[in-house]
Amino acid sequence: MADYNPQEIEAKWQKRWEEARVFETEADPSKPKYYTLEMLPYPSGTMHMGHMRNYAIGDVVARVKRMRGFNVLHPMGWDAFGLPAENAAIKNNTHPRVWTNNNIGEFQRTLRRFGFSYDWRREISTCEPEYYRWNQWFFQRMLERGLAYRKKSRVNWCPKCCTVLANEQVINGGYCWRHEDTLVESRELEQWFLKITAYSDQLVDDLKQLEGTWPERVITMQRNWIGRSQGARVKFEIADLSSVKPIEIFTTRIDTTYGATAIILAPTHPLVTRLLQGSPVREQAEPQLARMRQTSVKTADLVTAEKVGFFTGRHATNPFSGEKIPIWVGNFVLMEYGTGAIMAVPAHDQRDFEFCRKYGLPIRVVIQPSSGEPLVEEKMTVAFDEHQNGRLVNSGPFNGLSPDEAIAKMTAFAEKKDFGRGEVVFRLRDWGISRQRYWGTPIPVVYCPDHGLQAVPDKDLPVLLPPNPNLTGEGESPLASTPEFVNTTCPKCGGQARRETDTMDTFVDSSWYFYRYCDPHNDKAPFDSTKVAYWFPIDQYIGGITHAILHLLYSRFWCKVMRDLGLVNHNEPISRLFTQGMVLKGGVAMSKNRGNVVGAIDMAEKYGADTGRLYTLFAAPPEKDLEWNEEGIEGSWRFLNRVFRLVDKHAGAIRATRNWNFDSKGMTDKERDLIRVAYQTMQRVTQDFETRWHFNSAIAQIMELTNEIYLAEPLENGVRPEIRKEVLQILTLLLAPMTPHIAEEMWEMLGNTDGLWNAPWPILANEQLELAKDNEVEIPVQVNGRVRATLKVPADANELDVVAKAKAEPAVARHIDGKRIVKQIYVPDKLLNLVVQ
RNA sequence: GCCCGAGUGGCGGAACUGGCAGACGCGCUAGCUUCAGGAGCUAGUGAUCGCAAGGUCGUGGAGGUUCGAGUCCUCUCUCGGGCACCA
């Protein structure tokens, strides 16, 4: 009798897998491929059970597919650049590379300890020049095509990170994504941008391809983030200043133009200063403008701030009606969106309504609801902004049209008269990638006093990070104070030149890393396109919902750029996305900062990797958050011990037994029952793995099978050896994707000399399917929907027999005696319901 | 404000297309075993009335459809998440 010793067993099989190179894969067009991966981790601190759950889910997928005969690519790597490494290095007076590589070592050791089936030869680390040189190479391609450009603009600056953030990294209306309590400031800086907006339309349209295979909420979040709105641009001439060009406004409701009672400009609109020149209200207006421009810096406050504004003293002409309406400046109009100017239609837009009420501007109804009380201006308390329901009024020749008809007709009219046109506007902004920090990919350009901006030629890539930077964590990029980095020569004239000292956002690294796994050691190109063509698109991607916008949007963008460069031939990189839940402790996500982590290595040492894997899969369905419970893991540990004891007890006697040939002649009832349960469990578990991803209920089924076998003990009594072996082997195979080490060990104990890694996933033969069928079923008998008895009848019993038998049941008879049966519902093998009066 | 998602025992969670609600596990109770602790094994465990047989209630709440609803429809409450003066 041996005890279950996970430490020994796990080390033994990890070594065997490595020696047999079980998880190493090559592209092979003769086999069906399956590319699955989990989002690459940022190696900070140590791994906790939250990480582990993610990889456990991914490993089940990879192992099941492998057993199903797919050529499976399952790689792992490190998102190794980033601020925490730099900050930690400053704090501990070391180099970011040292800190990062220590962590990578720790992470790698932990992942190996858990026996995840990665092809480690393909491991990548984004902070290595072999990797980041291709970031630079891509940057040059984008620069050539105008997709990378430099401009001075207002950008988000995090005072704690001491760097610029992308719009996607600003959360909760103005806070840093890493420092959730730190307000982002607005600064005017020269920055590098990637022109993701060139792909706005495609990024929205192609979301349709992902419907059904990506979580709906990720698609919705991306759609909202890109924020495409169909509308129109309309010109309003400035009545008092004919020499100044007309004001252009953007609206999605051109049908309400007759109801416009003011034009409102953003405080930073370039026209504002010109309008105030010589204006009768200039004296009062200018201080207000100054105040507004100042307060607009804090974007977070905008949300709650009250609407304020002032009159410019000028008027504009409504191109439809010819009416003169006042031009105002309002703090709620954003320069960044649309044209930075709007027409205020207080009757049909809530914001305009509030603004106009406050400043006594008139309200004019131009859409009357088709049903209910007609609107009366003086009595309105909110704007009427529906456009499904209503008809135009007070709108000249457009009266009587529905808003949708009016939008089409009025846009056409504006185009004909040349004062407006239909336009699509996006919320998405270009991706600001400049970061004023050291630990990232250097942006590969130089500035020559004579030739200006020059790209570093491909042959000179990579532009390496200097080994000994001067890290302070303050002010401008550390690269700027590293003379041996900054001072260089112009690639055009060879004269003195200065390098760009900003580095790239680390989201550049993760935008294409999964392509590199296909060809990780290529030193001629980012990857060989034929290899990528074999593996891509990714069949299954697994990660947290936190990346719903950032990483997953950038990756989609990058894919489209690569397609246009002729490097890949697909539109979307990821066919199927799964977003798993977090592991919580005390109701919040595990994180080092909060000090509520359960270390993965600690768990492996205490219970073994298999128990840790099993528990994270069993405790909750994978998409849900999981509250960590130390008592729960004990249950998984007990279960594995129970299974191990069972196999250990029988192994000696059946080790040499030949596999059963499914001959059902002369089977005892006990044998039949056991085999049936085993095969039924197989069918259900297969379903749970393949189509439903219900790992938790798959495990519950396997536990039930184990309980059934225990109840049938002693098996030696009436169960022949080959059937004992069949049942125990099925139990072992079903566990293999989740708890691979103990499964291998038991497989060997049962007399198999060929590793379990070579075993195919069991698919039931016809004889087995026959044996899996129930020959007797239990049918609940209801009277008026209440269960009164349960009948045991043969499968496929006919209705008359069942009804007769049911009526004979005393508990049924009691409820139908003296009453009339008005209806009889019989669902074969399911239930019988008698409706009486 | 807008858009998603979720509400089932003491707890984590099952329930495929409407068909015995609470599988499986944790915890708890009792018994066996043990010097003891631990482990293991067996039985029980939604609430409620009843000595029992048996009955009634029960999936956040209120209605509805149906022979039958956790599941479908309408309204509503609570929690979680995302976006947010986006014109």
Side-chain angles (χ1 to χ4, degrees), chain A residues 171-174 215-225 227-229 231 249-253 256 264 266 299 302-307 330-334 336-345 348-352 354-355 385 425-428 545-546 548-549 587 614-615 618-621 623-636 638-639 641-642 645 684 687-688 691-692 694 696-704 706-707 710-711 713 778-790 811 814 822-827 829-836:
Chain A
I171 58 167
N172 299 334
E216 203 184 296
R217 60 180 176 146
V218 174
I219 293 177
T220 309
M221 281 162 74
Q222 290 212 2
R223 196 170 277 137
N224 289 344
W225 184 261
R228 176 162 67 186
S229 43
I249 61 104
F250 176 75
T251 178
T252 55
R253 295 294 305 273
T256 63
I264 307 178
T299 43
L302 271 182
V303 183
T304 46
E306 206 195 329
K307 289 175 183 49
N331 65 341
F332 68 103
V333 179
L334 307 173
E336 303 80 54
Y337 187 77
T339 58
I342 62 161
M343 60 175 188
V345 184
H348 305 293
D349 181 286
Q350 187 58 27
R351 290 155 301 173
D352 299 347
E354 287 166 25
F355 189 83
D385 54 12
V425 159
F426 295 91
R427 213 187 74 104
L428 184 68
I545 186 73
T546 37
I549 299 177
L614 187 71
Y615 177 63
F618 177 58
E623 69 278 8
K624 276 189 75 169
D625 287 349
L626 183 167
E627 175 66 35
W628 183 260
N629 172 359
E630 195 73 30
E631 281 164 342
I633 197 169
E634 294 277 355
S636 296
R638 279 201 285 272
F639 169 68
N641 273 282
R642 204 165 136 83
R645 276 200 308 276
R684 293 191 193 129
Q687 270 237 326
D688 280 345
T691 53
R692 311 197 309 157
H694 288 190
N696 55 334
S697 61
I699 294 167
Q701 301 279 353
I702 298 171
M703 286 173 168
E704 278 186 81
T706 309
N707 291 345
Y710 262 95
L711 285 174
E713 286 279 24
E778 283 196 353
I779 292 188
V781 180
Q782 302 179 332
V783 178
N784 288 349
R786 283 178 191 281
V787 181
R788 298 300 177 181
T790 320
R814 191 153 18 115
V822 292
K823 201 163 182 182
Q824 172 178 310
I825 292 111
Y826 179 64
V827 185
D829 295 347
K830 273 279 166 63
L831 111 172
L832 174 68
N833 188 8
L834 302 171
V835 185
V836 298

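Keep in mind that the numbers below use all heavy atoms, side chains included, and drop hydrogens, waters and symmetry copies. Computed from a prediction, not measured in an experiment: that's the story for all the values here. Chain A is the first sequence line, chain B the second, and so forth, proteins listed ahead of strands; every chain is numbered from 1.
Stacking of Lys307(A) on the aromatic ring of Phe332(A) is recorded, both the 6.0 Å distance cut-off and the 45° axial limit being met.
In this structure, G13(B) is classed as anti because its glycosidic torsion departs from zero by more than 90°.
When the side-chain nitrogen and oxygen atoms of Arg638(A) are compared with OP1 and OP2 of G27(B), one or more of them lie within a distance under 4.0 Å. Under 4.0 angstrom from either OP1 or OP2 of G25(B) there lies at least one side-chain N or O belonging to Asn707(A). Of the side-chain N and O atoms in Arg642(A), none sit less than 4.0 angstrom from OP1 or OP2 of A39(B). In this model, the phosphate group of G82(B) is not approached by any side-chain N or O of Arg223(A) to a distance below 4.0 Å at OP1 or OP2. Neither OP1 nor OP2 of C20(B) sits under 4.0 Å from any side-chain N or O of Arg786(A). For C83(B), the OP1/OP2 oxygens have no side-chain nitrogen or oxygen of Arg217(A) closer than 4.0 Å. OP1 or OP2 of G13(B) has at least one side-chain nitrogen or oxygen of Lys624(A) nearer than 4.0 Å. Phosphate proximity of G54(B) to Arg814(A): absent, as no side-chain N or O sits under 4.0 Å from OP1 or OP2. Phosphate proximity of A15(B) to Arg692(A): present, with a side-chain N or O under 4.0 Å from OP1 or OP2. The side chain of Lys823(A) places an N or O atom within less than 4.0 Å of a non-bridging phosphate oxygen (OP1 or OP2) of C67(B).
Residue Arg228(A) is out of contact with every strand shown, counting any heavy-atom pair closer than 4.0 Å. Residue-level contact check: Gln782(A) touches the bases, meaning some heavy atom is under 4.0 Å from a base atom. Residue Asp625(A) is classed as a sugar-phosphate contact, given heavy-atom separations below 4.0 Å to backbone atoms only. As judged by a 4.0 angstrom heavy-atom cut-off over every strand, Gly635(A) is placed among residues touching the sugar-phosphate backbone only. Among the atoms of the strands shown, base atoms are found under 4.0 Å from some heavy atom of Glu778(A). Among the atoms of the strands shown, only primed sugar atoms or phosphate atoms (P, OP1, OP2) are found under 4.0 Å from some heavy atom of Ser229(A). Here Val822(A) lies out of heavy-atom contact (under 4.0 Å) with every strand. Among the protein residues, Asn224(A) comes within range of no part of the nucleic acid, since none of its heavy atoms lies under 4.0 Å from any strand.
Annotation: Gln350(A), atom CD; neighbour count of heavy atoms from other residues, nucleotides and ligands within 6.0 Å is above 12.
Atom CZ of Phe639(A) is separated from atom C1' of G25(B) by 11 Å (rounded to the nearest Å). Atom P of nucleotide C86(B) and atom CG of Asp349(A) are separated by 8 Å, given to the nearest angstrom. G82(B) atom P lies 10 Å from atom CD1 of Ile549(A), rounded to whole Å. Spacing between atom NZ of Lys830(A) and atom C1' of A15(B) amounts to 12 Å, rounded to whole angstrom units. Between Glu216(A) atom CD and G81(B) atom C1' there is a gap of 14 Å when expressed in whole angstrom units.
Considering only the side chain of Ile825(A), C67(B) comes nearest among G25(B), U56(B), C67(B).
The pairing partner recorded for C72(B) is G64(B), the criterion being a Watson-Crick or G-U wobble arrangement whose two distances lie under 3.5 angstrom. Nucleotide G44(B) forms a Watson-Crick or G-U wobble pair with C28(B), both donor-acceptor distances falling under 3.5 Å. Within the shown strands, nothing qualifies as a pairing partner of G58(B) under the Watson-Crick or G-U definition with both distances less than 3.5 Å.
Put simply, CG on Asn707(A) and CD on Glu704(A) are 7.5 Å apart, with the number rounded to the nearest 0.5 Å. In this structure, Leu834(A) CG and Asn784(A) CG are separated by 9.0 Å, a value rounded to the nearest 0.5 Å. Annotation: the span from Tyr615(A) atom OH to Trp628(A) atom CH2 amounts to 6.0 Å, rounded to 0.5 Å. Annotation: the span from Thr790(A) atom OG1 to Gln782(A) atom CD amounts to 10.5 Å, rounded to 0.5 Å. One distance of note links CD1 of Ile264(A) with CZ of Phe355(A); it measures 4.5 Å at 0.5 Å rounding.
Nucleotides U59(B) and U71(B), compared at atom P, are 9 Å apart to the nearest Å. Look at the P atom in both A14(B) and C28(B): the space between them is 23 Å, to the nearest Å. Atom name C1', nucleotides G46(B) and G27(B): the rounded distance is 15 Å, in whole Å. Distance check on atom P: U45(B) versus G81(B) gives 38 Å, rounded to whole Å. Distance noted for atom C1' between U8(B) and G22(B): 8 Å (whole Å).
For the residue pair Asn224(A) and Arg427(A), no side-chain donor N or O sits within less than 3.5 Å of a side-chain acceptor on the partner.
Nearest-nucleotide assignment on RNA chain B puts the 5′-proximal partner with Thr220(A), out of Thr220(A) and His694(A). Both Asp688(A) and Ala811(A) sit near RNA chain B, but only Asp688(A) has its closest nucleotide nearer the 5' end.
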